[in-house]
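First the structure, in the form of structure tokens, and then the observations on it.
By convention in this document, chain letters (A, B, ...) are assigned in the order of the sequence lines, proteins followed by strands, and residues within each chain are numbered from 1.
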Number of protein chains: 2
Amino acid sequence: MDSYSLERPTEFVRRYWPPDPNLPKHEQLRRALTQSIMEGFWKVGARLPTEADLVATTPCGLATVQRALRELVADGIIERRRGSGSVVADLNGPIEEPWHMRFLDPTKGNTAYLPLFTEVLDRHILEEQGPWTNAIESGTNPVVRIDRIFTVNNDCRIYSIFYAIASRFPELIELPVAALGGKNLKTFIARRYHVPVHKVKQKLRYVIPPAEVVEHGDCPAGFPATLFNVIAYGLNGEPMYYQDFYIPPTDYELDLGITTK
Amino acid sequence: MDSYSLERPTEFVRRYWPPDPNLPKHEQLRRALTQSIMEGFWKVGARLPTEADLVATTPCGLATVQRALRELVADGIIERRRGSGSVVADLNGPIEEPWHMRFLDPTKGNTAYLPLFTEVLDRHILEEQGPWTNAIESGTNPVVRIDRIFTVNNDCRIYSIFYAIASRFPELIELPVAALGGKNLKTFIARRYHVPVHKVKQKLRYVIPPAEVVEHGDCPAGFPATLFNVIAYGLNGEPMYYQDFYIPPTDYELDLGITTK
DNA sequence: TAGTGGTCTAGACCACATA
DNA sequence: ATGTGGTCTAGACCACTAC
């Protein structure tokens, strides 16, 4: 092991160690690696230092390094293969696929999802507070609201309203609206800020849809519509965005994912 | 450490070891303990053998025993406290609370759930197949179907249809229907068979409700109703039951839980 | 063949709970 | 004071991958 190959691991330790000296070492290493991946120090798909490198550059023994790496695998943040090393989990893979609004394709035995197209209708900055305030901990900070239409299989239009803290994702307000068209905002955020969505809290309620929802979506006016609400959280459990979906009656089946105790 | 205190751990090893000689030891120990807990060999709340006892009675070293126990904690199957030992996680605690149909109480800031009452309408054995067949892997085996009404906060009635393999939960067919009234079937199953529900797969679709749903529930006739479907899985990931809920329009907000990648 | 992760052990020290 | 789980290390051997 020559010193050249230890340059990058050494730089990693210089920047990220110690994250918190009061924690156990395996937890410190786990957090340091999570933080560095979130900040893009290790890019998606990049090879991480080997166990031996981490033993050499951190104050951790082999078993401690292995425990930290094993926990990162359980978190879905990295992938490891015997003989070939550890890499940052690929956000361009399954994570890039839509997470919300996954409608099952009946012509494929409900094993695939229907195609989804998005169109941006509006974007503006909100100073006022609302149900999203507590959810994304925005307090009195300005919030960016993005209204979109999701079209499922070319025949069902879902109105979506996305809320996030404006200062946290500046590109969402700096870019022209046209540049957001057709994009998966979750993926967009994951790529630009290296903060993949890791878990979502889901709720369901019924409301009379507001005028813009009736106008652009497929919800009938005057009747209660299904309002599907999502709060998305990042790797560290910090809230990232709040999103409402107004789902009209449809024959398609919506996959809500797997929930664990 | 006298031999008397090793009686129970020794009996555990005699009955459950090895679960599968081809697996790593930490995985074997994890499975053996999971299996023994599921079968009631260790009762809910009971103290498990200490790390030292397991080192003495199994072919595992201390670190291996610790790794297996740590994984069981992550699974939510046991709880450990320094100085006082490892115990089987209490199914009478949070797990006993309703999992499905958790409507938020608006008078308590949406931090508590509304009370839920159940009433059994019907129970019969099905020989035919249906959408539940693949979900619970019943094949051509008879399935027990239990129709119930869930009443939320005394003013919203939800029709529920529960499906499970009849031979797997014989008490569900042997007991008189009256004995199932008011019971939480998930808890009932967990207690009798030591198989707590561990994760659920959730789907949403819209259907015209069948006659019995319109008659006993609050869904209007002739209009599409929200059909919320749940497939519940046990500790080992094996499917346990399939359940449909016909949810009428309501002002209450339904908590769908947290979904992770 | 060399490098990498996966498993496992023996042993040490520490923090916390119970008595 | 004793027993318990929590952390950590050094070192060994094995399985798989890539060259």
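Relative to the six-membered ring of A:Y16, A:R31 misses at least one condition, a distance below 6.0 Å or an angle of at most 45° to the axis.
Atom-to-atom, CZ of A:R82 to P of D:dA18 comes out at 14 Å; the value is rounded to the nearest Å. Computed from coordinates, the A:R70 CZ to D:dT7 P distance equals 12 Å when rounded to whole Å. In this structure, A:E71 atom CD and D:dG6 atom C1' are separated by 12 Å, rounded to whole Å. Between the P atom of C:dT4 and the CD atom of A:E79 lies a distance of 19 Å, rounded to the nearest Å. Distance CZ (B:R47) to P (D:dT4): 6 Å, rounded to an integer number of Å. Between the C1' atom of C:dG6 and the CZ atom of A:R80 lies a distance of 8 Å, rounded to the nearest Å. Between the P atom of C:dC14 and the CD atom of B:Q66 lies a distance of 16 Å, rounded to the nearest Å. Residue A:R81 contributes atom CZ, which lies 24 Å from atom P of D:dC14 at whole-angstrom precision.
A close approach under 4.0 Å does occur between a side-chain nitrogen or oxygen of B:T64 and OP1 or OP2 of C:dT9. Residue B:S86 places none of its side-chain N or O atoms closer than 4.0 Å to OP1 or OP2 of D:dT4. Phosphate contact (OP1/OP2 of C:dT9, side-chain N/O of B:K25, threshold under 4.0 Å): present.
Below 30°, between 30° and 60°, or above 60°: for A:Y242 and A:W132 the angle between ring planes is above 60°, a perpendicular geometry.
Where A:P59 and B:G83 meet DNA chain D, the nucleotide closest to each residue was compared, and B:G83 sits on the side nearer the 5' end. Take the nearest nucleotide of DNA chain C for B:V65 and for B:L62: the residue whose nucleotide is more 5' is B:V65. Heavy-atom distances to DNA chain D give each of B:A63 and B:S84 a nearest nucleotide, and the one nearer the 5′ end belongs to B:S84.
No donor-acceptor pair closer than 3.5 Å links the side chain of B:Q243 to the backbone N or O of B:V230.
Contact of the B:N141 side chain with the B:R168 side chain is not registered, since no non-hydrogen atoms from C-beta on lie closer than 4.5 Å.
The heavy-atom pair separating B:L254 from B:M101 by the smallest distance is CD1-CA, 3.7 Å.
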